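Remarks on the structure that follows.
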There are 2 protein chains.
Amino acid sequence: MTEVEKAQRVRRGMERVTMMDVARHSGVSASSVSLFLRKPEAVSAKIAPRIAAAIEKLGYVPNYVAGGLAAAGSRVVSVIVPSLRNAFFSETVSALEKNLSRNGLQTLVGHTEYSLEQEERLVRAALSWAPAAIVLTGNDHTDGTRNLLLKTATPVVEMWELPDAPIDCAVGFPHEEVGRAMARHFIARGYENVAFLGARLDEDTRAASRARGFMEEMREAGCKAQLISDPAPASTATGARMLDAIGNDVRAVACSNDIVALGVLFEAQKRDLTIPDRLAVAGFGDLDFAANCVPPLTTIRPQAEQIAETVANCILNRESEQRSYRTDFALIPRRSA
Amino acid sequence: MTEVEKAQRVRRGMERVTMMDVARHSGVSASSVSLFLRKPEAVSAKIAPRIAAAIEKLGYVPNYVAGGLAAAGSRVVSVIVPSLRNAFFSETVSALEKNLSRNGLQTLVGHTEYSLEQEERLVRAALSWAPAAIVLTGNDHTDGTRNLLLKTATPVVEMWELPDAPIDCAVGFPHEEVGRAMARHFIARGYENVAFLGARLDEDTRAASRARGFMEEMREAGCKAQLISDPAPASTATGARMLDAIGNDVRAVACSNDIVALGVLFEAQKRDLTIPDRLAVAGFGDLDFAANCVPPLTTIRPQAEQIAETVANCILNRESEQRSYRTDFALIPRRSA
DNA sequence: GGTCAAAATAATAGCGCTACGATTTTTAAC
DNA sequence: GTTAAAAATCGTAGCGCTATTATTTTGACC
């Protein structure tokens, strides 16, 4: 390296140890070092230890940015969820990261705060990283998002919902059926005057689908069912507030998720409404506290981990022809309903 | 582009529209397009719209990988937290992502599952992306991690704790003081026989610091204080289980976080222990349910958003000399203790 | 030892972009 | 109109790595 070149590297803030340095130090070519790093079994036992020693000695850290450019594709997977504050998604991202990192893929997260415009911006930014795949939540996207994704060669996975026409690949379950399952449970228990308490249904289209399924099934069975909704995010406070809005004769409420249900439980306790005798309560999510609260919460377990594993599989085994993967959900009957 | 070149690009899966294509299309040089993208005000009003039109027409998506290589530094910030399932960290990541994305930075998350070895692996991978900054949780790292980070020119922020000697920059608060504050609250309320219920204290060093501060302050005041700990992650079930382990005469428990406290609340309710008369309960975190549960939970609010904002500031305004930023916490007295 | 195929290694040519310095155009001042 | 300074634009030379092709080495077999 000439003095000028060195000066330039310093100027650009790039004094890092390069693969070339490792190559020189171990007396092999840069190609061999690269090969060693990507397929260690492909280099002979003679030079492998020499390269390993040089890497160790020089403290070489590979530059994925350069690698990604040369290999025309980075080892990141971009995951876009509505919110990380929501336990479903933080759990999914967590499980996904675990599965992907096992295969040398890194996770770039973005959250849309339930805004489709924000989602489009994030997809645009994600594509700029030439990611190995893009994972989105749900199937409700702007036309711009859809166009961007249809044009690209990057694998796309939509998760948590099952669209009729996936952009590329989808993993999830039909939320309407979840709502219907809960309704059937209510009917079996003899609850004939019920309500659905939904938080943020305008934005949370999955919760809205559950609400729709629930309401339809209840009404088809000739029951009285009322839909309460609150624009605020799901929280115990929202749950408590929505309880105010239901009629006094309502026997059971299905909540858009367990947090809302917990709020209802607390509020009922404050008002001395016995659960489930005076009011039955059910949630969605089977969050940590659902099994331990008082009374234990009847809910639906969505299998976030199964979703994450299936998404990871989709990304890792691209050859499969299947475009749509249905994951399980299970109604967990406990004492609250 | 010759036929051979085109074939090569196709072979490598890189048929994407490049900046050069945009330049040709708008009759300017690639440099001008690059400049327009980075500093739109630096190009004349004559060519700007032509470039914009070409970008739009061709559907050009910039390649940050190439950009990052050329500019010797990518626009990603790598954030490493113990777990995304933990509400503190998912909230911090969420707030951080919001603050950083406003400034065109993207967030690469990794989670260590409370393993320092895993953290080192993640730091290594993170450095490979030549990130704009690396954000770590806490100050407990392997020597390897520390060496890697001390050698690099990349800004490093340790958050949620205040190390004596930050690697580079730190944002957080002293958890021992949090424990002491809670102890003083207990003392003021006249609880003289108390316990600290800690989940996963071996790995969660912050909770362990709170426990230490709490125990010391209680004992310095001449009170009886017992430390219960459970290796399982914080959950309502863990809280309920730990309640079994305390003596019958314990008057108050401080929990390592609100989830554990909630478990204690549930278990107490099951056993008809009146709270706070028979047993006072306090948590840490001021999670959503803390204000709404029965009785409302006395807890400590750690200001996760303030941490995130300060971290973002550290990253964005590098010129500051300050290395250590203390964020606030507040004891929120409610009915449970 | 010589031949040939297979395995291991090396050389080459970019990936798409940005920093830098060089060049051209515009503006300002006289 | 000239000139200098400033602004706008362009051309070049890589950033550090990998895919591909070319070359060398090894090993198997006669």
Side-chain angles (χ1 to χ4, degrees), chain A residues 1-2 4-24 26-48 50-51 55 58 60-75 127-130, chain B residues 1-2 4-24 26-48 50-51 55 58 60-75 127-130:
Chain A
M1 181 161 53
T2 68
V4 172
E5 279 168 346
K6 191 182 283 171
Q8 188 144 1
R9 256 166 84 170
V10 172
R11 185 147 25 90
R12 287 207 186 177
M14 266 290 173
E15 279 171 288
R16 57 155 78 205
V17 177
T18 72
M19 188 177 272
M20 198 56 212
D21 297 327
V22 174
R24 264 194 293 267
S26 45
V28 300
S29 73
S31 313
S32 298
V33 178
S34 173
L35 197 60
F36 170 77
L37 252 26
R38 282 170 298 120
K39 304 169 87 186
E41 74 281 2
V43 304
S44 72
K46 207 180 302 170
I47 70 170
R50 289 220 312 271
I51 297 174
I55 287 174
L58 298 175
Y60 171 68
V61 176
N63 184 335
Y64 292 167
V65 179
L69 182 59
S74 66
R75 304 280 294 162
L127 284 172
S128 296
W129 283 106
Chain B
M1 183 160 51
T2 69
V4 171
E5 281 169 345
K6 191 181 283 170
Q8 189 144 357
R9 259 166 80 170
V10 171
R11 184 147 24 93
R12 288 207 186 176
M14 266 292 173
E15 278 172 286
R16 60 155 76 204
V17 177
T18 72
M19 189 177 271
M20 197 56 214
D21 296 328
V22 174
R24 266 194 291 266
S26 45
V28 300
S29 72
S31 313
S32 298
V33 177
S34 173
L35 197 60
F36 170 76
L37 253 26
R38 284 170 297 120
K39 304 170 86 186
E41 74 283 4
V43 305
S44 71
K46 207 181 301 173
I47 69 171
R50 290 222 310 272
I51 297 174
I55 287 173
L58 298 175
Y60 170 68
V61 175
N63 184 335
Y64 292 166
V65 179
L69 183 58
S74 66
R75 302 283 292 165
L127 283 173
S128 296
W129 282 105

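For clarity, every value in this text was computed on a predicted model and none was experimentally measured. Here is the naming used below: chain letters follow the sequence lines, and residue numbers restart at 1 for every chain.
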| Main-chain N/O of Tyr64(B) paired with Ser128(A) side-chain donor or acceptor, under 3.5 Å | no
Has Arg16(A) got a side-chain atom pairing as donor or acceptor with Val61(A)'s backbone, closer than 3.5 angstrom? yes
Assign [X] to base, sugar-phosphate, or nothing according to its heavy-atom contacts below 4.0 angstrom with the strands shown.
X: Tyr60(B); answer: sugar-phosphate
X: Ile47(A); answer: sugar-phosphate
X: Ser44(B); answer: sugar-phosphate
X: Val65(A); answer: nothing

Of all the choices, [options], which nucleotide is nearest to the side chain of [X] once you look at every atom?
X: Asn63(B); options: dG16(C), dC17(D), dT9(C); value: dG16(C)
X: Ala66(B); options: dT12(D), dG16(C), dC15(C); value: dG16(C)
X: Ala71(B); options: dG14(C), dG14(D), dA19(C); value: dA19(C)

For [X] and [N], what is the distance between atoms [atom1] and [atom2] respectively, to the nearest whole Å?
X: Glu41(A); N: dA7(C); atom1: CD; atom2: C1'; value: 13 Å
X: Met19(B); N: dA19(C); atom1: CE; atom2: P; value: 10 Å
X: Arg75(B); N: dC15(D); atom1: CZ; atom2: P; value: 22 Å
X: Phe36(B); N: dT18(C); atom1: CZ; atom2: P; value: 13 Å
X: Lys39(A); N: dT18(D); atom1: NZ; atom2: P; value: 13 Å
X: Leu37(B); N: dC17(C); atom1: CG; atom2: P; value: 9 Å
X: Leu35(B); N: dC20(C); atom1: CG; atom2: P; value: 13 Å
X: Leu69(A); N: dA19(D); atom1: CG; atom2: P; value: 12 Å

Can you tell me if the side-chain N/O atoms of [X] get under 4.0 Å from OP1 or OP2 in [N]?
X: Ser29(A); N: dA10(C); result: yes
X: Ser34(A); N: dT18(D); result: yes
X: Arg38(B); N: dC17(C); result: no
X: Lys46(B); N: dT25(C); result: no

Closest to the 5' end of DNA chain D, once Val61(A) and Ala45(B) are matched to their nearest nucleotides, is Ala45(B)
Value for CE (Met20(A)) from OG (Ser34(A)), rounded to nearest 0.5 Å, stands at 12.5 Å
Output for pair (Met19(B) CE, Leu58(B) CG), nearest 0.5 Å, gives 12.5 Å
Exercise. Run the side chain to side chain contact (heavy atoms under 4.5 Å, CB included) check on Phe36(A) and Ile55(A) step by step: do they pass?
Worked result: CA-CA 11 Å; Phe36(A) 170 77; Ile55(A) 287 174; 4.0 Å; yes
